[in-house]
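Structure, as structure tokens:
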Amino acid sequence: MQVRDLSMAGAWGDSVDVLKAIEPSLVNCITCGGCAAACAASANVSVAKAILLLRRGLLADARAALEGCLFCGKCRFVCPMGVNTRGVIAALTFSPDSSGNILHQ
Amino acid sequence: MTQPFDWFVIPFAIGFWSMMLLLVVKICRWWLGFSSVDKKMALSRIFSVHTLRALVEMVREGLLHRNIFRVSPRLGYMHMSLAMGWFLLIVVGKFQTLAFTGNHVNAVWLPIFFKSFYPGDVHFAGSVVYEFLMDAALLLVLSGVALAWYKRVAPSALGMRKSARHIWPDRVALTFLWFVFPVRLLSEGGTAAIHGGGSFLTGTVGAVLSPWADLLAAWQVDGALWWGYSIVLGGFFLMLPWSRYMHIPAELVLILFRHWGVSPQSLQPIELEACSRCGICIDGCAMLPVGNDGQAVYYVRDARYGYVTAAKAHDCLMCGSCESRCPVGLRLGSLRLEGRRKGASDWAVNPVESASVAVGANGGRVVYFPGCVGALTPAVTSAMRRLMQAAGVSFVEMDANNGMCCGRPLFLSGQADAARAQVAQNSQLLAASEAQVLVTSCPVCYKMFSQYYQLPITVMHHTQWLKQMVGDGRLQVSHSDAVMVYHDPCELGRGCGVYDEPRDVLSRMVTLQSSSDQRQASLCCGGSLGGYRMKDAGRQQIASHAVDRLVDARTQTLVTACPMCKKTLAAVSPVKVKDIAEVTLEHLVLLPFKKIPHQEKSLLVTKQELVGA
Ligand code: SF4
Ligand code: SF4
Ligand code: SF4
Ligand code: SF4
């Protein structure tokens, strides 16, 4: 009989592993939603949602949940778990790769 | 007079001419990269007082290194002796050959190898003086070289905590440089031993070596030494354009073009090459406690060689400490941002529906904006509200529904276009309101609104507003026996030059301690918006370091003027951390029956009401 693997292992796709390596604090998120409540951007922007979607391996949807983010850092200011939300946002949106040369892409 | 020649000049000539060729190519490329406006501007200023000013600065910074003297006199002497001594060797050598040959134009190697071609006591007009001056200049350079050797083993001896790590072209060039002048001394000394001549330095070395003069002559040691001198000197010139020593010509060109009014944007490629990798920026870097290698010197180096990783571009708090220390005056913040901009993929912000500015409510001409993060520090915002009421200022709060951001966070992360969209939207909102004065509690907002917006209104940070109110007597404060120390927020201090206002207000109320890490030398708290890659542990290390340097046994309260600094410092501080607005509120003396206009609930506010709640 096959038992479904209920641990998080494997749920994070390859690219999510890359993100975790860049911003390890994202695993601390308890999806309390504090970040979304404090958010300065439009109502659709939510780090909590993005991290939740990431956990399901839905990278593109996670990215969409951050569209319009102002990078203001209010979410990090309020996060009770010390998640470096701006690090998560940056890793997801505009600087996913930290090793290669960025001057001649 | 025919020019003398010997085969040993070849290594020198190769190095020298390859350097000259590369310098010309580089300068042409810089010029071609200028915008046409910049080119026109530069051309129009060639024959003007600007050129004279540039020359004065070249002497002051390129030769005398006044700015480095300010950092550390010994380090300044090291740079000055190398530059000035070498410069004198070139100039005096030039006149020496001119006096000897009577020609203005001589082979480039003639002044350099003069003593090998004309050894012994050669007499011509002023020959003794020239020999003396050449020896004096050589001694000056050698003293600098000795200090440079010493600095490698013990950086602290020259007033530096850390010395920059160098890459291989630097090491090769450095090795050549270290040997150029000692070998020159030996060559001239060896020649003097065999043929006589030489002044107080080379002559003395010659006298010391003279017992072995026959041996030296038989084995042609002097010739070998001149070969060695030519090789190390040529080697240094060959490496110069590829190593940090490119800063010597680049700094001079940079000074000239700055005075000729070329825009900062166009100067960036020159700035990258004008960094001497002196390492002065390292000591003040906020990231030192976490042992980062993203310091300005390393970023500029990598950017110069065209290889910058996202980590290099983004592992920086943009605290501005390096920029304020750099003796070359490089605009290190802009250089870093350029890297972030180039590496950023597009990120569009949607127009933010929730942003708002209340329009003329209460006839308010003063708009208060706590800042987006400031809005999350209720202690500060409520203190400011109460102070405004107590001062009788009718104000409206901008963005009551927390949907506004000044745009600086996007700007600092390299998202220039998205930031510009923010600026445009906020400018429109402000223009539509009847605001005349914008007071903000956030230094980040203050910098952005005052320097990147073209607003027809006065922008103030709340420290400036408090100073004005306390100065005018509209807020009366008492003096307590509390002992406090003030932390300069990066964006307010180095970013906007606001150092005196908070100190002025605080010293009217409390005993204000001074610290060696204040004003320009203030340490970043680690919570800076410019450094989003900083992990919590690192942030705390940086904050602890800053707190340790500020707080001593007498300190009762650590005061700052930035919501971000307050939160970051409070997480690690052994004493209470407060905003200057809170401290002012605590020291407020309330005038009896003072009328508070535009206050709906009551016209009178008691001190209990103000301080309590
Ligand atoms: S506030 Fe922090 S812990 Fe809560 S959802 Fe947001 S990121 Fe997760
Ligand atoms: S950084 Fe982005 S997600 Fe976080 S509060 Fe600001 S706008 Fe919202
Ligand atoms: S950036 Fe300035 S201070 Fe830093 S190493 Fe270069 S020249 Fe020196
Ligand atoms: S801006 Fe601050 S953190 Fe960044 S390199 Fe300069 S001193 Fe270091």
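The basis for the numbers below is simple: all heavy atoms, side chains too, and nothing from hydrogens, waters or symmetry mates. Proteins come first, then strands; the chains are lettered A, B, ... in the order of their sequence lines, and each starts at number 1.
Note: B:T568 OG1 to A:F77 CZ = 7.5 Å, rounded to the nearest 0.5 Å.
A:K74 places none of its side-chain heavy atoms less than 4.5 Å from the side chain of B:C405. Looking at heavy atoms from C-beta onward, A:N84 lies out of side-chain contact with B:D536 at the 4.5 angstrom threshold. When side chains are defined from C-beta on, B:Q415 does not count as touching A:F71, because their heavy atoms never get closer than 4.5 Å. Side chains of B:M404 and A:L70 form no contact here, defined as non-hydrogen atoms less than 4.5 Å apart. Side chains of A:R76 and B:Y532 form no contact here, defined as non-hydrogen atoms less than 4.5 Å apart.
Summarising the local packing, CD of B:Q451 is surrounded by more than 12 heavy atoms from other residues, nucleotides or ligands at distances under 6.0 Å.
Neither the backbone nor the side chain of B:R408 comes within less than 4.5 Å of any heavy atom in chain A.
Of the residues considered (A:S25, A:G73, A:A38, A:G82), A:G82 shows the highest number of contacts with chain B, using heavy-atom pairs under 4.5 Å.
Contact between A:C72 and B:C372 at its shortest, heavy atoms only, is CB-SG, 3.6 Å.
With respect to the salt-bridge test (charged N to carboxylate O, under 4.0 angstrom), the residues B:K535 and A:E23 qualify.
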